[in-house]
Amino acid sequence: MSTSKSQRLVNLVICLRSTNAFLSAEEIRRMVQGYDDCESESAYLRMFERDKRELRDAGVPLEQGPSLAPGSPAGYRIPAQDYELPEITLTAEQAGVLAVAAEVWREGERAARAGGALAKLTAAGIDPVREVGTTVSVEDPTELATAAAIAEAVAEGSVVLFSHTSAGAGRATSRRVEPWWTGSRHGHWYLVGHDLDRGEPRTFRLIRMSDIRVGRDRRSVPVPPTDEVLALLDDAVARLNPIVHATIWVADGRAAELRAMSGSEVPARRFARAGSDLEVTAPLAELSSLVAAQGADAVALRPADLRVRVVSILTAAEEAVR
């Protein structure tokens, strides 16, 4: 089977890079797969000259020197110090950009290349995911695009402008934020940064952001240590989406997902229907959405915060179809 030109060039680079000695043309012909396709010595030498020219044009430092092979004064090699890349040092922000970008490309046609880049970074001792404390596992492509844009803004120190729709709000507001960090907590992606209009740190769910734009202004407030930024995030998540211990009534034969989450189930007839009272512990936002999705087949009994959230979701849905 004949060897392709690209594979032959790769083989040639590997051969010349793997030795400190200058290899003669004859030694190269014996060692590099692809040159054995040549029918004559002259055909090989013409091909070898073309390959050397292509490597040099591509920036490969092909060096010529005295060969140790008898009768072959000229030899070739690729010096390691001129060919290897210098050690790469990334900041946490730059590593974050790579991590998010790799996740974006993972869903597209460049999956193999992105995975290979992350593997090389990991082999070099750089862990983009660990560096920024994030879990790059998001199914919504809109959130991925938003995360990538914010991560780049973090690395560049640029202000981010966007529209934000708060939970329960019907209208978006314009925000200007100096981003400090973007990443995920409990399956949701967030932005943590300094809100220029409020004059204080704020946390935003990426799913509630739209019209993302990177402004020309640069960061004016120093970025706090990563531990402090993540502590701000955890505090915000605990306030906005706390873990609640709830009692929920569900009709018989309904709400299978809520039943699967339940720690206990007690038969209870309520609202003139047979059903059960479930004890469920889960984040408030997710639980309220699950209960509301069941309509009349599920009712939040406690706590009051859960009841209010469910009523708000149902009211908004009713207004949307009017």
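Quick note: numbers below take in every heavy atom, side chains included, and nothing from hydrogens, waters or symmetry partners.
- Follow the hydrophobic side-chain contacts under 4.5 Å out from Trp180 and you reach Leu233 in the same cluster.
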Test side chain to side chain contact (heavy atoms under 4.5 Å, CB included) applied to Met209 and Leu191, step by step:
CA-CA 10 Å; Met209 297 167 56; Leu191 158 65; 3.9 Å; yes
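- For Glu39, the CD atom is loosely surrounded, since the number of other residues' heavy atoms within 6.0 Å does not exceed 12.
- Two residues are said to be in side-chain contact when any heavy atoms from C-beta on lie closer than 4.5 Å; Gln7 and Gln33 fail this criterion.
- Counting only heavy atoms from C-beta outward, the side chains of Val154 and Trp181 never approach each other to under 4.5 Å.
- Residues Ser288 and Ala285 share a closest heavy-atom pair of OG-O, 2.8 Å.
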Criterion salt bridge (Lys or Arg N to Asp or Glu O under 4.0 Å) on Arg46 and Glu49, from CA distance to verdict:
CA-CA 5 Å; Arg46 288 194 298 271; Glu49 287 300 319; over 6 Å; no
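- Both Val221 and Val223 belong to a single network of hydrophobic side chains, linked directly or stepwise wherever heavy atoms of I, L, V, M, F, W or Y lie under 4.5 Å apart.
- A side-chain N or O of Ser158 and one of Arg218 form a donor-acceptor pair less than 3.5 Å apart.
- The shortest side-chain heavy-atom distance between Leu23 and Tyr76 does not fall under the 4.5 Å cut-off.
- Taking the side chain as every heavy atom from C-beta outward, Asp51 and Arg8 approach each other to under 4.5 Å.
- Both cation-pi conditions hold for Arg77 and Phe22: the charged atom is under 6.0 angstrom from the six-membered ring centre and inside a 45 degree cone around its axis.
- Contact between Ser174 and Asp197 at its shortest, heavy atoms only, is O-OD2, 4.1 Å.
- When all heavy atoms of Ala274 and Arg269 are compared, the closest pair comes out as N-NH1, 3.5 Å.
- Here the OG-CE distance, from Ser24 to Met31, works out to 9.5 Å after rounding to the nearest 0.5 Å.
- Note that CZ of Arg198 is 3.5 Å distant from CZ of Arg175, once rounded to the nearest 0.5 Å.
- For the pair Thr182 (side chain) and Tyr190 (backbone), a donor-acceptor distance under 3.5 Å is present.
- In the model, Thr281 has a side-chain atom that pairs as donor or acceptor with a side-chain atom of His245 under 3.5 Å.
- Remark: Leu45 CG to Arg50 CZ distance equals 11.0 Å, nearest 0.5 Å.
- Note that the CZ atom of Arg254 and the CD atom of Gln294 stand 9.0 Å from one another [nearest 0.5 Å].
- Nearest heavy atoms, Glu178 versus Ser220: OE2-OG, 2.5 Å.
- Both Leu16 and Met47 sit in one connected hydrophobic cluster of ILVMFWY residues. Membership requires side-chain heavy atoms under 4.5 Å apart, directly or through other members.
- Exactly one residue among Val192, Leu230, Val229 makes a side-chain contact (heavy atoms from CB on, under 4.5 Å) with Pro224. That residue is Val229.
- In this structure, Ser312 contributes its side chain and Val308 its backbone to no donor-acceptor pair below 3.5 Å.
- Residue Arg307 qualifies as open at atom CZ: its count of foreign heavy atoms under 6.0 Å is 12 or below.
- One distance of note links CG of Leu161 with CZ of Arg216; it measures 11.5 Å at 0.5 Å rounding.
- Here Ile150 contributes atom CD1 and Leu206 contributes atom CG; the two are 4.5 Å apart, rounded to the nearest 0.5 Å.
- For the pair Val13/Ile78, a side-chain contact is recorded, criterion being any heavy-atom separation below 4.5 Å from C-beta on.
- Within the 3.5 Å criterion, the main-chain N or O of Arg259 finds no donor-acceptor partner in the side chain of Glu265.
- The closest donor-acceptor contact from the side chain of Tyr44 to the backbone of Ala25 lies under 3.5 Å.
- Scanning for salt bridge (Lys or Arg N to Asp or Glu O under 4.0 Å) contacts around Arg273 gives Asp297, with sequence neighbours left out.
- Within the 4.5 Å cutoff, the side chain of Tyr35 has no heavy atoms near those of the Asn11 side chain.
- Closest heavy-atom contact between Pro179 and Val160: CG-CG2, 3.7 Å.
- In this structure, the salt bridge (Lys or Arg N to Asp or Glu O under 4.0 Å) partners of Glu279, at least two apart in sequence or on a different chain, are Arg302.
- Leu258 belongs to a hydrophobic cluster whose other members, connected by ILVMFWY side-chain contacts under 4.5 Å either directly or through intermediates, are Val244, Ile248, Val250, Met261, Leu278, Val280, Leu284, Leu287, Leu290, Val291, Leu306, Val310, Leu314.
- Of the possible donor and acceptor atoms, one in the side chain of Arg213 sits under 3.5 Å from a partner among the backbone N and O of Asp211.
- Here the closest heavy-atom approach between residue Ser276 and residue Pro267 is recorded as OG-CA, 4.0 Å.
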